[in-house]
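Structure, as C-alpha cells:
Throughout, protein chains are lettered first and strands after them, A, B, ... in sequence-line order, and every chain is numbered starting at 1.
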Amino acid sequence: MSYAYLFKYIIIGDTGVGKSCLLLQFTDKRFQPVHDLTIGVEFGARMITIDSKQIKLQIWDTAGQEAFRSITRSYYRGAAGALLVYDITRRETFNHLTTWLDDARQHSNSNMVIMLIGNKSDLESRREVKKEEGEAFAREHGLVFMETSAKTAANVEEAFINTAKEIYEKIQEGVFDINNEANGIKIGPQHSPTNPSLPGATGSSGSQGGGCC
Amino acid sequence: MAFLEVVEKISFFDLKTNIDNGNIADLFKEDCKINVTSSGNNHLVLGDSSGQVHLVTRSWSVHSFRAYELCTDHLYQLKNSSLLVTIGQDEPGVNPLIKIWDTNRLDKNGTPHCFRVTRALPGNRPVQVSALCVHENLQLMALGFVDGSLMLYRGDITRERSSKQKLLRDASSTVTGLAFKSTSSNIYLFLATDSSVLVYNITHKDKEERIHLDNIGCAKRCCVLAESIQESHFMVGRNDAVYCYTTDGRGPCYAIDGEKVMLEWFRSYLIIISKTNRPTAVNSVSNGNQSSGLQGDSITVLDIHNKFIVFSATMSRIKAVLNEFGSFYLIDEENRVYHLDEKDLQSKLSLLFKKNLYDIAIRIAKSQQYDTEGLVDIFKQYGDHLCNKGDYTGAIEQYIKTIGKLEPSYVIRKFLDSQHIEKLTMYLQALHKERQATEDHTTLLLNCYTKLSNTLGQNEGLKEFILSKDSDLSYDVDVAIKVCRQGSPSEALMLAKRHEKHDWYIKLLIEDHQKYCEVLEYISSLNFENAETYMRKYGNILIEKVPNESTQFLKKLCTNYKPRDSMIISENALTGNYDLPHHAEPEDFIHLFLNNSERLVEFLEHVIEEGSILTTPVYNTLLEHYLHVWTNSQNDRTKWSQKILKLLQNPDIKYDKAQALVVCHMHSFGEGILYLYEEQKLYQQILRHHITKNDMNSILACCRRFGNQEPNLWVQALWSCVRDTPNPPQALLNEILTVIAKERLLSPQLVIDALGSENTDITVGHIKSYIMNELEQEQGKTAEITGLIQNYRKDTDKLKKQLETLKSGAIVIQGSRCAACHHPLELPTIHFLCQHSYHQHCFQSFCDEDQGCPACQPENKNLLELLKAREHNRDLNETFHSQLEKAHDGYSVAAEYFGRGVFNSYKDITNKAVKKLIEKKDEEEISRTLIPKVEKELRDYGYGAEARLRQSEKKPSQIIPPISEGKLRQQETSRYGSSLKSNTNFDKKKDVYTSNIPGTLNPFESDYDPSNNPFENEQEESEDDTNPFRDNYECDKNLNPFS
Ligand SMILES: Nc1nc2c(ncn2[C@@H]2O[C@H](COP(=O)(O)OP(=O)(O)O)[C@@H](O)[C@H]2O)c(=O)[nH]1
Ligand SMILES: [Mg+2]
C-alpha cells in the first residue's frame, strides 16, 4: 500500500510497563499476556488515515533494560514521535520518567513529538499513580498525556493516532524538515508517479508488518 | 543477558566433525589457503590464494580448475544456475578481472566454459574489489570497491556487449557488503560500508534512487539479506547487536554482544560468528587437535521467527559458513569441515519439554506446521505443567487450545475443585464456543454460572452465555433451559426466547412465571402454524387464567390470523402472490371453553360473524352454550334468547335440528323448541308443548295456525282441555268443538266420552251446543241414508219382480224393430227374453257366438265375471294363512282378506251385534254410564275389532291412540328423529287400512252402480235395514284409531 507519509515512532519506558503489548495491540489488535522480554528493538508497522491521507506508522519497540540503553539511544534519532510509557500500578516506572525524558530529548531531534502514556488503566484497583499526577507531569514537560490499556485496547488507537496527528500538524506548520530522513518522516513513493500501476511500491506488507522479528 | 542464558543450553543442531574425511583439508597444503567461498547449484565453491577454484559435491568429491594465474578474490555461485562469477588477478598489481563460467560445460582439461573476462575498473582507477553480488535473474551484477565505488552491470551478464556498467557511487568508505532484494514491483540493492548502510532502488534503469539508511556500517561479510521472513531485512552485524534494515530505514535489532566476524542466513536462522575469548566448546569433539590457548570464534544460531537462540558453541576460528544441500557447513581455519545437522522436530520438542519451555515449543511446532494432534499434546503437557506450578489460569488457556482433541473430562476433572470454578467456567465456555460441548457440559457450565453468581456475585457470565449468538456458542438449548430453570428462571426464559424455543418459552411463562397475558402476546407474534399449535397445547390453561385475552386471541386466530409485528404487506403480496389469510379451525378450540360458556359463545359468535362456515357440531355446541348462558343469565335473558333464535333461524347455519331440539328441551328454552317444531312441521309437538305449559291461548293459536295442515291438532287440544285444564274457558272449548264438528275430526260419542272421562268440571252445559249440532247433523244424515235405503229396496223389489216374471210368466215379445239395425222386423227373426229381437242376418253378423242377446251381452258378462271372482276368492284360505304367517303386518293382511269376504261365514254374528248396536245408538238418550259399554262392544265386535283389541292391549287407558306423550318424552331424550319415523310409519298403516277396506267393500260409494253390487246375489239374506257394512262404514270412520 502506498502512503503519503511514513512516520517513525519509538516506544520507551521501563521494562514491563507494557510497551510491547501496546505495540501488539496497535498492530495486531490482540493482547498477549505473557510476552517475552524484548531483546534489542522490536518493530511494527500499520497504516492509518489522517486528513484523508494514508500514513504509514513504523514503530520501534525498545527494550527497557539499562543494558540495551545504548542500542535504544541509537533509535531516537530518526524517530518523529515517541511514546513514553509508565505503568500506573508501579510508581517507580513513573519516577523514572525524567530519566527517560532527558535521554530522549538529548538524543532525538528537537521536534520529536512525545506522548506520555500511563498504561494498564484496566488495573484500577492496583493503581499507584493518579491520573492527575500523569497530567501534571505532562503539562510540566510539554507532553500530551493519555492513560491506556493494552489489555482492553482502551485509548491505544488514540495514543498512536493522536501522536501522528500532532506530527502531521507540525509538518503542515513547516516545523519538520521532511526531506531530512533523520527526522523520522519520509514522503511516500507515490510522489514519484512513474509507476502508478504498481501500488505496494515500497514493498511493505502493510499493517501486518510488525511483530515478526 | 537473561535471554541468552535461558536458551543457551538448548541445541537444535548436532555438530558433526570430519564429515568430508579430510578431503577439503587435503586440497590446501603448504601455503595455499581458502581465500573465498560460495555455494549453490548443488556444490560448494572454494577459491584459494593460488587462483584455483574447487567445486565440491555432496559426496565430497572435488573438481578443481585454475581460474586465475595469481589468486581468486571473490566468488559468486548462482543458486539455481550453473553460472559462477569470479573475480581474481591474472597479473600482479591492482588489476581485478571478472570471469563468468559455466560449471556445467567443462572443456577437455576440465576447465568450465568461460563466457567473458571483464576488467573491473570504476572510473578508470585501478581499485581492489571488496564485494560482489549477482542477481538470480542473471541480468544484474553489482561490484563494490575498496575505495567505496559501486558498479552496477545491467543486461545479460554472460555477454559483455549487452551488459552495461554504471558507476552508482563514487569514492568514500569501503564497500563491505552487497545484496539484491526483489519485491513484487521493485528491485533494491542494499549496500553496507565501513561506516554506513544504504539502499538503492534500481528498478528503473538510469533512475536509480539512493536511500541512506544509517550512519554506522559493518565489517566485511558481516551483513546478510534475511530472505525468508515476511519483509526481508538486510541484517548488519555490529558489536552491540545485529541491526535490521528495511528499504524504509531501520527495522528491529537483536542485541547480541560480541565482535561479529560473519553473518549467514540459513532458512529462518541467522548464523552469527563472532570473536570470543572463551575456550572453545568443541575441544572434546574436535579430535583434540585444538590448542586451548588459541583464540576461537563463537557461533550463535538465532531463530528469527521464534526469537531465540537455538544453537551456540565456541570453536576454533571459522573461515566459512556454507549453506548447501539443505543444511549448513562450517570450515575452520584448519580446513576442517563441520556439519550442523538440524534435529528433527520431535527431538527439538522433547528437548524443550524437558526444560519446560512449552511456549517456545508451541511456537516452533506452529511455525513448522506441526500436525494438530501433536500441538494438542503440547498444549496438554503445557497445561499440566502450569497446573502443577499452580498457574491455573495459564493452564486453562492451554487446555482450551486442546478442545476438540483432548477429552474434556480430563480437564474438567482437574478443575472440579470449587476454587477453580472460574477457570472451569472459562474452559466450558470455550468448549461451547468450539461446538464440542455435550449436554453434560452445558449443564455443568450453567451450574458454574449459578455458583459464580451465588458466591461471587458474578452473573454477567450467564447473561452473556444466553445472549451469545448461535454462531458463538453451540449447546443443547433444551438442556440449558432445563438447567437454568432450576437456578434462574428468568434466564431460562431469556434463553427460550432467544432460541425461539416457543414451547419452552410458553411453558416457562406459564409454569414458572404465571404470566399468561405475556404468553398470549408471545403466541400472537408467532407465525400461524406455531400460534395454532401452541394455542392448542396451552389454550386450556390460558382460557382458564385469562379468559378474556385468550378469547380475543382465539378470535383472531380463527378468522384472519397475522402474526403481530408482521409486515403489513407480506413478502408474497409484494411478489404478486397473495397469500391466503390463515385461520384455524374453531372446532379445534371449542373444547378449551368447556367451562366457560360465555367466552365460547363470544368466540363462536365472532367466528360466525366473520363469515366462517362451521360444521354442524360447532353450531350445535354454540347453541348448547348459548342456552347455557341463557339459563344462567339474570338480566338480559331476552337478549340471549333473541340471539339464540337468530342462530336457529339463520338459514346458513347448519346445525343439527334434532340435537338442537334436545338441548332446547334440556334448557327448557320454549321459543327455541317451538321454532324447531314449526320448522319441522311437528305441529302436534307444538301443541303438546303448549299443553304442558297449559297455555290455552297458545294452544288455540297453534290449532288455528296449523289446523289445516294437521286437523288432528284440534282433537289433541280437546284432550288437553279435558285432561289437563282444570277449568277450560268456554270460548276455547267451543272453538275446538266447532272445528272438530266441522271437520268431522272426532265422532261425537268420543267427544263426549272424552269430555266425560277425566274432567269433572266440564258440564253438559259446556258442550250443549256441540251436541245439539251433532245430533242434528246425525239426524239429517240418517234421514238421507234412510232415503237411500228405500230407493235401493225399491230397486230390489223391481228386480225381484222381473226375476219372477222371467221364471214363471209368459213373455210377450212385442219388439217390432230389430235391435241391431232398427229397421222393422222381417222374418226370419230371433227373439230374446230380454225383449230384444233381431233380424236373423243382423244377429248373425252382429254376434259371433250365437249365445245371447248381443245388446245385453257386455252387461251380463261383467256380472258373471264378478261372481266368478268372488267364488275364486273364497278358496283362498290356505293362501291367507300362509301370508298371515309371513306378513310383517298381519293386521293389514287380515283386513284385506276380510274385505274379500273371506270371513263371510261369521257374518251372522257380526250382523246381529251391529244391529243391536245400531238400535242402541238410535236411542236419543245417551247416558254416561252407557258410553263405555258401547265402547266396549264396539271394540269387541265388528270390523276393526281386532285392531282395536291390539291397541287396547298396548295402551289400555288411552282412547286416542296417536303417539303417546310418554313415548314422545322418551324419544326426546334420545333422538327426535326416531319419533318422527314412528309417526310416519303410523300414517302409512292408516293409509293401508283406509284404502284397502272401503275400495273393495263399500257398497255405498256415491257412484253406486247396482250392477257392481257384490251383494246382489245375496239380496235375500241382507234384506233388512241393518246392513252391517253401512254401520261398519260409519263406525269405521269414527273409530278408526288411525284416522
Ligand atoms: N493488566 C494489564 N497488563 C498489561 C498491560 N500491558 C501490559 N501488561 C502486562 O505487563 C507485562 C509486561 O508487558 P510488556 O509489553 O512485555 O512490557 P514491556 O517490557 O514494556 O514491553 C506483561 O505481562 C503484560 O501482560 C495492560 O494494559 N493491562
Ligand atoms: Mg517489551
Quick one: what part of A/Ser74 sits under 4.5 Å from any heavy atom of chain B, side chain, backbone, both or neither?
->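 Both parts, heavy atoms under 4.5 Å.
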Tell me, side chain or backbone of A/Ile71 under 4.5 Å from chain B's heavy atoms, or both, or neither?
->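 The answer is both parts of A/Ile71.
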Could you walk me through whether A/Lys8 and B/Asp248 pass the salt bridge (charged side-chain N to carboxylate O under 4.0 Å, His left out) check?
-> CA-CA 10 Å; A/Lys8 293 178 188 179; B/Asp248 283 329; over 6 Å; no
Look up atom OG1 in B/Thr247 and atom NZ in A/Lys186, then write down how far apart they are to the nearest 0.5 Å.
->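 Taking OG1 in B/Thr247 and NZ in A/Lys186, the distance rounds to 6.0 Å.
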With sequence neighbours left out, what residues match B/Tyr243 under side-chain hydrogen bond (donor to acceptor under 3.5 Å, both in side chains)?
->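 side-chain hydrogen bond (donor to acceptor under 3.5 Å, both in side chains) check on B/Tyr243 returns B/Asp240.
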Residues in ring-ring contact (aromatic ring centres under 6.0 Å, His included) with A/Phe26, at least two apart?
->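 So A/Phe26 forms a ring-ring contact (aromatic ring centres under 6.0 Å, His included) with A/Phe160.
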Using a 4.5 Å cut-off on heavy atoms from C-beta on, say whether the side chain of B/Arg250 contacts that of A/Val41.
->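 Not touching, per the 4.5 Å side-chain cut-off.
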pair A/Gln58-B/Thr246: side-chain heavy atoms closer than 4.5 Å |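 Contact flag for A/Gln58/B/Thr246 side chains = yes.
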What do you reckon, is CZ of A/Arg126 surrounded by more than 12 foreign heavy atoms closer than 6.0 Å?
->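 Count not over threshold, so no.
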Quick one: closest heavy-atom pair of B/Gly251 and A/Tyr75, and the distance?
->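 Result for this residue pair: O-OH, 3.0 Å.
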